[in-house]
There are 4 protein chains.
Amino acid sequence: MMAKPTTVNEFFVQSLATDNTLTVKQQQIILAAVELFAAKGFDHTTTSDIATKAGVAEGTVYKRYKTKRDILEEIMRRFVRDVVPQAAHEFVNDEWTNSHGGLHQFLVELIGNRVDFIVANFPFIKIMASEALSNAEMRNQVLSKIGVQAMGAILPHLQELRKQKQIVDWPDDMLIQFVVATMISLALRLIVDLPVADIEQQKTYMVSFLERGLAVQK
Amino acid sequence: MMAKPTTVNEFFVQSLATDNTLTVKQQQIILAAVELFAAKGFDHTTTSDIATKAGVAEGTVYKRYKTKRDILEEIMRRFVRDVVPQAAHEFVNDEWTNSHGGLHQFLVELIGNRVDFIVANFPFIKIMASEALSNAEMRNQVLSKIGVQAMGAILPHLQELRKQKQIVDWPDDMLIQFVVATMISLALRLIVDLPVADIEQQKTYMVSFLERGLAVQK
Amino acid sequence: MMAKPTTVNEFFVQSLATDNTLTVKQQQIILAAVELFAAKGFDHTTTSDIATKAGVAEGTVYKRYKTKRDILEEIMRRFVRDVVPQAAHEFVNDEWTNSHGGLHQFLVELIGNRVDFIVANFPFIKIMASEALSNAEMRNQVLSKIGVQAMGAILPHLQELRKQKQIVDWPDDMLIQFVVATMISLALRLIVDLPVADIEQQKTYMVSFLERGLAVQK
Amino acid sequence: MMAKPTTVNEFFVQSLATDNTLTVKQQQIILAAVELFAAKGFDHTTTSDIATKAGVAEGTVYKRYKTKRDILEEIMRRFVRDVVPQAAHEFVNDEWTNSHGGLHQFLVELIGNRVDFIVANFPFIKIMASEALSNAEMRNQVLSKIGVQAMGAILPHLQELRKQKQIVDWPDDMLIQFVVATMISLALRLIVDLPVADIEQQKTYMVSFLERGLAVQK
DNA sequence: GATGAATGAGCGTTCATTCAT
DNA sequence: CATGAATGAACGCTCATTCAT
């Protein structure tokens with residue numbers, strides 16, 4: 001059965017705790033920044049906010065990070081280096097990976113797991129999206145890496161299914177595009193504040209939609 | 001045949017030119033703001049930027065709009081009031097509306113038209129998305145209206161197709177969610193800077209994906 | 001019997017109406033400025049406020065008066081030239097002037113009349129006081145003239161009473177100082193927002209206090 | 001014998017020096033603000049003025065005080081909390097308090113002491129007066145406290161004198177009103193820039209006027 | 001390493017004043 | 001004479017960043 005998806009925050013705590021170049025205060029600063037950036041966005045978070053939430057002096061924030069943007073970049077670096085792989089690992093490690101259960105089961109597991117991840121980490125996803133929209137560097141450096149990692153976790157399975165002629169013979173990027181878009185459609189609803197009464201029902205429709213959209217006609 | 005979708009900028013020029021409460025300089029201010037907000041985002045655009053680009057004094061910016069945010073809201077208001085309906089009208093007026101050509105033709109026309117709109121207006125869509133992510137009021141006031149307008153243009157057709165048992169018997173919101181997500185998947189690619197070699201090819205895949213995903217099994 | 005004291009505003013209307021170098025709009029501007037300065041003070045009144053209240057365009061305000069301060073000076077000039085003499089005239093014309101009724105009646109009439117004037121014109125008095133505190137030019141040009149006028153109305157009587165040995169043989173300026181201070185004590189109460197339950201009772205005490213303070217011991 | 005009344009500025013220096021939550025620069029800011037507000041009024045003093053006079057950067061002004069008005073309120077608060085009680089204490093402690101010397105001596109001491117205070121602190125009194133005229137909150141919060149303190153120092157003596165039938169049997173508020181008005185009459189002269197040749201002579205007249213005005217007829 | 005007072009460039013905004021129509 | 005759009009200097013205030021302790 002599936003594990004409850006870990007929260008980005010928990011991943012960060014792990015990532016920071018295992019880095020012995022960071023003092024406790026520096027860890028607190030990063031964690032405070034993650035939460036504040038997620039809650040208010042990068043631009044609307046002041047270094048004073050971060051210092052206060054981290055329980056340190058304002059000068060301390062600058063001891064290790066030369067600028068506020070450096071903090072964001074450190075967060076993104078850790079996100080890409082530690083959090084995304086962890087999340088992928090968590091995802092990949094679930095039993096379905098080896099079960100070869102066909103398209104339906106693949107989708108059930110994928111959607112089931114990643115939709116929970118989206119719901120659990122929605123605030124963080126918003127900040128990533130927001131930054132990606134306004135910051136080209138972020139797009140290039142971070143999103144692409146996330147994309148690569150995500151593809152690494154999803155694409156092989158899609159390719160396998162395609163080889164088995166369970167799904168249509170479309171290019172990799174189109175398959176990924178539709179799978180991701182369908183999963184993200186839930187996040188769009190959340191952003192637009194449309195109520196999502198029943199997450200499990202959502203999952204069922206998503207699986208069904210993707211299954212019909214991708215499966216080869218019998 | 002389909003009309004070439006107009007650019008948001010052109011719609012704005014129209015919307016502003018036909019408003020005789022606005023002086024030429026005030027029109028220049030709004031147009032400058034649209035471009036700057038689209039290029040650098042709301043927060044990173046200064047009122048001095050706007051004034052300079054519009055070729056007016058900084059005080060002039062405040063003659064009609066009390067705050068910088070008022071300018072954004074004016075833009076959004078015009079977008080919702082003039083641009084979206086125009087775009088919808090343009091969309092709705094295309095012949096397919098009355099052609100009862102079935103699911104396939106509906107999707108061909110919808111995707112064909114709206115994908116071009118997305119591509120033509122991508123910079124503007126980015127502002128809307130960016131603001132929507134960080135501004136709850138904007139979500140409520142603007143996105144909801146756009147949503148209503150968009151639904152008014154799409155939903156009746158989906159309902160008709162469902163009644164004719166051409167598409168699956170899913171709730172309205174799920175049908176819309178999947179159609180919108182599929183269309184937006186292209187915008188996501190653009191945001192992530194993934195190259196889109198062939199727009200027409202994209203359209204073909206989208207139509208195909210939606211058609212398979214929604215059509216009832218024969 | 002005593003006439004009800006006219007309001008500064010009414011004096012201004014008269015002053016303006018009889019000046020045929022002023023257009024109607026210019027009169028409206030001055031009247032609007034008088035009311036706004038009295039209500040919010042000179043610094044917190046904008047030329048836009050004045051134009052709006054006067055029902056004219058902002059440029060019109062500057063047609064006759066080169067600066068905002070010019071308007072204040074015009075008001076003060078009229079106040080000194082027309083309003084104060086009128087008020088004095090109104091005061092002087094009351095019957096007591098000729099009645100030679102002695103100190104008591106003099107005080108009764110003076111206090112009775114001027115206290116009502118203070119109460120009726122309190123907002124205007126506040127602006128004069130406020131400007132006088134922060135503007136040396138105003139003090140020199142306006143207050144001194146008001147002082148001269150006021151003295152012209154009061155001092156002769158005091159001098160007469162002194163000659164008749166009804167009041168103490170103190171210098172003119174001390175007599176005026178105490179009479180004015182006693183009358184103004186009511187304005188101080190009003191400024192400090194201390195309730196003044198019974199104006200007539202106040203008058204009685206004032207008369208009594210001044211009478212005892214100034215009368216020669218029998 | 002009477003102590004020479006201290007200047008408000010000296011009281012402020014004391015009040016600030018003994019507050020160890022204030023850095024030296026913050027003290028300089030308050031002192032600079034006191035002088036500037038007194039000299040030019042609150043509205044005509046810019047934060048840049050204050051910073052320059054205090055010898056600090058403009059941002060430093062805002063480190064502790066969120067707004068310019070906060071600085072005024074801090075000044076008023078210190079005035080009420082430290083300066084007024086000190087002044088009252090200084091006043092009350094003079095020997096006359098216990099001397100039961102009758103109305104004449106009471107007035108001699110009161111006038112002698114407070115008139116010097118008024119003369120020494122005239123610039124500061126002007127700020128207070130100016131703000132009181134244009135700011136209702138200031139009136140309520142500050143003047144009322146000053147009033148209470150002042151009454152505490154004066155009223156008991158007046159009540160005692162009244163009980164002893166040395167002064168007329170008028171209500172407390174009228175007694176205070178006349179005593180205060182008489183003292184303030186000097187400030188009025190100063191405001192109007194009327195020369196006050198001989199302060200001691202002024203005091204003599206004031207004492208005499210009040211004594212005659214309030215004493216019961218023998 | 002940690003502190004927090006100090007900095008100052010830069011922002012959004014106001015408003016007295018000007019001038020072409 | 002009247003208009004009102006346009007101006008731009010100046011203000012109050014913010015906040016990322018520095019540095020002496």
Side-chain angles (χ1 to χ4, degrees), chain A residues 22-26 28-29 43-52 54-71, chain B residues 21-26 28-29 43-51 54-71, chain C residues 22-26 29 42-52 54-71, chain D residues 21-26 28-29 43-51 54-71:
Chain A
L22 288 171
T23 66
V24 172
K25 301 218 171 195
Q26 283 163 353
Q28 290 165 342
I29 289 165
D43 286 325
H44 296 136
T45 299
T46 68
T47 49
S48 164
D49 286 341
I50 297 171
T52 302
V56 304
E58 239 185 299
T60 307
V61 172
Y62 283 83
K63 202 67 202 180
R64 185 174 181 116
Y65 307 105
K66 289 271 162 276
T67 69
K68 191 175 92 163
R69 184 151 288 276
D70 279 357
I71 299 174
Chain B
T21 74
L22 287 171
T23 67
V24 173
K25 299 218 172 196
Q26 282 163 353
Q28 289 165 347
I29 289 166
D43 285 326
H44 296 136
T45 300
T46 70
T47 50
S48 165
D49 287 341
I50 296 171
V56 303
E58 215 169 329
T60 308
V61 173
Y62 285 86
K63 212 46 204 207
R64 187 174 182 112
Y65 309 103
K66 293 265 160 285
T67 68
K68 192 174 84 158
R69 183 151 288 275
D70 277 358
I71 299 173
Chain C
L22 288 170
T23 66
V24 172
K25 301 219 169 192
Q26 283 163 353
I29 288 166
F42 177 77
D43 284 327
H44 296 136
T45 299
T46 69
T47 49
S48 164
D49 286 341
I50 297 172
T52 303
V56 305
E58 239 185 301
T60 308
V61 173
Y62 284 83
K63 200 68 201 178
R64 186 175 181 116
Y65 308 105
K66 290 270 161 277
T67 69
K68 190 174 92 163
R69 184 151 288 276
D70 279 356
I71 300 174
Chain D
T21 73
L22 286 172
T23 67
V24 173
K25 299 218 171 194
Q26 281 164 352
Q28 289 165 346
I29 289 165
D43 284 326
H44 296 136
T45 300
T46 70
T47 51
S48 166
D49 286 341
I50 297 172
V56 303
E58 213 169 332
T60 308
V61 173
Y62 285 87
K63 210 52 204 204
R64 188 175 181 110
Y65 308 104
K66 293 265 159 284
T67 68
K68 191 174 85 158
R69 183 150 289 276
D70 277 358
I71 300 173

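For clarity, every value in this text was computed on a predicted model and none was experimentally measured.
Using a 3.5 Å distance cut-off with no hydrogens or angles, the side chains of B:Asp49 and B:His44 do not pair a donor with an acceptor. In the model, C:Glu58 has no side-chain atom that pairs as donor or acceptor with a side-chain atom of C:Ser48 under 3.5 Å.
Between B:Thr47 and B:Val61, the shortest heavy-atom contact is O-CG2, 4.4 Å.
Each of A:Ser48 and C:Gln26 has a nearest nucleotide on DNA chain F; the 5'-most of these lies closest to C:Gln26. Residue whose closest nucleotide on DNA chain E sits further toward the 5' end, between C:Thr47 and D:Lys63: D:Lys63. With DNA chain F read from its 5' end, the first of the two nearest nucleotides for D:Lys66 and A:Lys68 is the one closest to D:Lys66. Residues A:Thr23 and B:Thr46 each lie close to DNA chain E; by heavy-atom proximity, the contact nearer the 5' end of the strand is made by A:Thr23.
Separating the CG atom of B:Asp70 from the C1' atom of E:dT14 is a distance of 15 Å, rounded to the nearest angstrom. Taking atom CG of residue D:Asp43 and atom P of nucleotide E:dA16, one finds them 12 Å apart after rounding to whole Å.
Contacts of B:Asp70 classified as side-chain contact (heavy atoms from CB on, under 4.5 Å), with partners at least two apart in sequence or in another chain: B:Tyr65, B:Lys66, B:Thr67, B:Glu73. The ring pair (Phe, Tyr, Trp, His ring centres under 6.0 Å) test applied to C:Phe42 returns C:Phe37, not counting sequence neighbours. For B:Lys25, the side-chain contact (heavy atoms from CB on, under 4.5 Å) partners two or more places apart in sequence, or in a different chain, are B:Thr23, B:Gln28, B:Val56.
Side-chain N or O atoms of A:Lys63 include none that pairs as donor or acceptor with a backbone N or O of A:Gln26 at under 3.5 Å.
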Problem set entry | For DNA chain E, the dot-bracket pattern of Watson-Crick and G-U pairs whose distances stay under 3.5 Å, | for other-strand partners | .||||||||||||||||||||
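Atoms CG and CD1, from D:Leu22 and D:Ile29 in turn, are 9.5 Å apart once rounded to the nearest 0.5 Å.
Taking a heavy-atom distance under 4.0 Å as the criterion, the stretch of DNA chain F touched by chain A extends 5' to 3' from F:dC15 to F:dT18.
Listed by residue number, A:Val56, A:Ala57, A:Glu58, A:Gly59, A:Thr60 are the residues of residues 55-62 of chain A with a heavy-atom contact under 4.0 Å to DNA chain E.
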